Amino acid sequence: MSADAITPVFVRLKLSLLRNGLRQSGGRKAAYITSAVFALLFAALQLIGLIALRGHAHAESVAVLAVAVLGLGWAVMPLFFPSGDETLDPTRLVMLPLRPRPLVRALLAASLVGIGPLFTLCLLVGSVIAVARGGAAFVVGAVAVVLALLVCVALARAVAAANVRLLTSRKGRDLAVLSGLVIAIGAQIVNFGAQRIGASGLGELDPAAGVLQWVPPASAIAAVHAVGEGSYGLAAAQLALTAGALVALLALWSRHLTRLMTSPDGSTLPGAESAAKERSSTGLGKLLPAGRKGTVMERSLRYVWRDPKTKAAWVTSLAIGLIVPVFNAWQGTGSVYFACFAAGMLGIQMYNQFGQDTSAFWMVAMTISSTRDAYVELRARAYALLLITLPYATLVTVVTTAMLGDWRRLPEALGLSFALLGAMLATGTWTSARFPYSIPQEGYKNVAPGQTGLAWISIFGGMMAAALLCAPVIALTIWLNVSADGDDWTWLLLPVGTVYGAALTAAGLKLAAPRTARRLPEILAAVSKG
């Protein structure tokens, strides 16, 4: 079948997938429409902003960098959101009698349908308007927009095809946990860059733009600017570079499609050596206490390492807990107290403990027959969390203090961090028993439909309660810092905060254990809903 014959079919298939996906539920339709509105609104603002830069001395640098970042986004999108578009998986078409080249053209046309391509088109058009000068530049700009858009789409497809075996496997889908880390780091980099630009002007972007103007798809926008400046040879070279990148990406994509459609899936064939190898203990259990406490701790730690949703939450919390204080200290605008952010982000992991077990909680529930059993279960989960959070919060506090050079405040910052961590463990333990909710295993939702209110009460209500519980230590810190002789006694905040946090954790466990034992059926029903 020729490309001309199958291309309309694939475009209609993409439209049908979008339409049928919206018919599944009202919530999904509302989420899609809301995201589409916000994406298009952001695209319109970007378009207006780029047009407003027209005539500015550094408009080319802004446009080139914006398109370069856009291309990077298209490259990593299949890795972070492998299930976001069903058509990214070409293995669904393996049984069809299709040749790679016509299939590439048809899939490329179908890829141009959606919010992402429309957003990209708006940004590219705005970039061309911002840098184009003269009729010839606008003519070249029309070609540049088409080439850059096709490069972005072909890049995403080539990456997806090259990694489809990995992305469609269970371990491959764990790559999505990196999205939280990248978003956290990216947000802080953008914040830092915006502050630098605000202080020094857009001229700070020129060195980076000078390099990226030779990297497709940004080279297409640089070609438009070159034509406006009369540098036709430079523009031809940059357009040729973009066109060459498109041809190379299409060839790479076609090659991977051929391999996918003619080679067996080796990931489904167990190796003889791995099949014969007996499973051995990782040694983790040997380092933990014996009995139920050690078993529960090992189970909790394995969830952190193996469960995609739990791993994603931990990676995001670890990243943001370090990035916020360190980046602020790096910029010279931070405080040693920002290190408490690490304890706060990690303390959130204590909330909804039973929801993390999902429907498997019934196996845990069968082992709880008394308040004592519930207490040991909750205490072991808290210990497992402390194995990570205590050294990590200490490390972040020490690093932040070292960057600021304010070693005198290290004891009080550590004391506040430990008190906050203890308060969040206490409130998290209690809300886990009082407001449990289910975490769906499929998709990217972290709350089952109909339980959003429970999640808000559990997390944000618990965080407010934790802040109130920390009020005595916060008040003592303020009093010692404003008192005339208080600086000589601020070291006391470390033992006071540590003891106070431990006492709060013990009190939270004591209060939550009987409630957990009484409400086991309700907890099981709530966490199994999704």
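Keep in mind that this is a model prediction, so the values were computed, not measured.
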Checklist entry - Does the pair Met463 and Ile348 meet the rule for a side chain to side chain contact (heavy atoms under 4.5 Å, CB included), with working shown? => result CA-CA 8 Å; Met463 291 171 64; Ile348 295 176; 4.3 Å; yes
Next on the checklist: Before you tell me yes or no, could you show the steps for Gln349 and Ile388 under side chain to side chain contact (heavy atoms under 4.5 Å, CB included), namely the whole-Å CA-CA distance, both residues' side-chain angles and the distance that decides it to 0.1 Å?
Outcome noted: CA-CA 11 Å; Gln349 304 308 315; Ile388 302 174; over 6 Å; no
Does any non-hydrogen side-chain atom of [Y] lie less than 4.5 Å from one of [X]?
| X | Y | value |
| --- | --- | --- |
| Asn352 | Thr431 | no |
| Tyr337 | Thr477 | yes |
| Val304 | Lys311 | no |
| Leu107 | Trp253 | yes |
| Arg157 | Ser111 | yes |

Closest heavy-atom contact between [X] and [Y]?
| X | Y | result |
| --- | --- | --- |
| Leu421 | Ala343 | CD1-O, 4.0 Å |
| Gly321 | Tyr392 | C-OH, 4.5 Å |
| Cys340 | Leu416 | SG-CB, 3.7 Å |
| Ala455 | Tyr437 | CA-CE2, 3.6 Å |
| Leu249 | Ala154 | CB-CB, 4.1 Å |
| Cys152 | Thr120 | SG-CG2, 4.3 Å |

Checklist entry - Looking only at atom types and distance, does a side-chain atom of Thr242 sit under 3.5 Å from a main-chain N or O of Gln238, one as donor and one as acceptor? => result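 At least one qualifying donor-acceptor pair exists.
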Checklist entry - Is a side-chain N or O of Ser438 found less than 3.5 angstrom from the main chain of Val527, in a donor-acceptor match? => result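 Looks like yes, one N/O pair under 3.5 Å.
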Among side-chain atoms of [X] and [Y], is any donor-acceptor pair under 3.5 angstrom?
| X | Y | answer |
| --- | --- | --- |
| Tyr351 | Thr427 | yes |
| Trp305 | Thr310 | no |
| Asp206 | Ser61 | yes |

From [X] [atom1] over to [Y] [atom2], what is the distance, rounded to the nearest 0.5 angstrom?
| X | Y | atom1 | atom2 | answer |
| --- | --- | --- | --- | --- |
| His225 | Leu234 | NE2 | CG | 10.0 Å |
| Leu241 | Gln213 | CG | CD | 10.5 Å |
| Leu40 | Cys122 | CG | SG | 7.0 Å |
| Phe341 | Asn328 | CZ | CG | 9.5 Å |
| Leu149 | Leu108 | CG | CG | 8.5 Å |
| Leu420 | Cys470 | CG | SG | 4.5 Å |

Item to check | Steps toward side chain to side chain contact (heavy atoms under 4.5 Å, CB included) verdict (Trp314, Leu346) | outcome: CA-CA 7 Å; Trp314 272 93; Leu346 296 179; 3.8 Å; yes
Next on the checklist: Quick one, Val224 with Glu60, criterion side chain to side chain contact (heavy atoms under 4.5 Å, CB included). Give me CA distance, side-chain angles, the key distance, then yes/no.
Outcome noted: CA-CA 9 Å; Val224 179; Glu60 182 202 9; over 6 Å; no
Next on the checklist: Heavy-atom count check: over 12 atoms from other residues, nucleotides or ligands less than 6.0 Å from Arg54 CZ?
Outcome noted: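 Atom CZ in Arg54 is packed in, count exceeds 12.
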Checklist entry - So does Trp214 have more than 12 non-hydrogen atoms from other groups sitting under 6.0 Å from CH2? => result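 Enclosed.
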Checklist entry - Quick one: salt bridge (Lys or Arg N to Asp or Glu O under 4.0 Å) pairs with a partner in residues 211-220, sequence neighbours left out? => result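 Residue pairs with at least one partner in residues 211-220: there are none.
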Distance-only donor-acceptor hits, side chain of residues 395-402, under 3.5 Å, sequence neighbours excluded:
from: Thr397; atom 1: OG1; to: Ala393; atom 2: O; distance (Å): 2.7
from: Thr400; atom 1: OG1; to: Val396; atom 2: O; distance (Å): 2.8
from: Thr401; atom 1: OG1; to: Thr397; atom 2: O; distance (Å): 2.7

May I have the list of side-chain donor-acceptor pairs in residues 126-141 shorter than 3.5 Å, sequence neighbours left out?
from: Ser127; atom 1: OG; to: Leu123; atom 2: O; distance (Å): 2.8
from: Arg133; atom 1: NH1; to: Glu229; atom 2: OE2; distance (Å): 3.2

Checklist entry - Once the angle between the rings of His56 and His58 is folded into 0 to 90°, is it parallel (under 30°), tilted (30 to 60°) or perpendicular (over 60°)? => result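 Correct class here is tilted.
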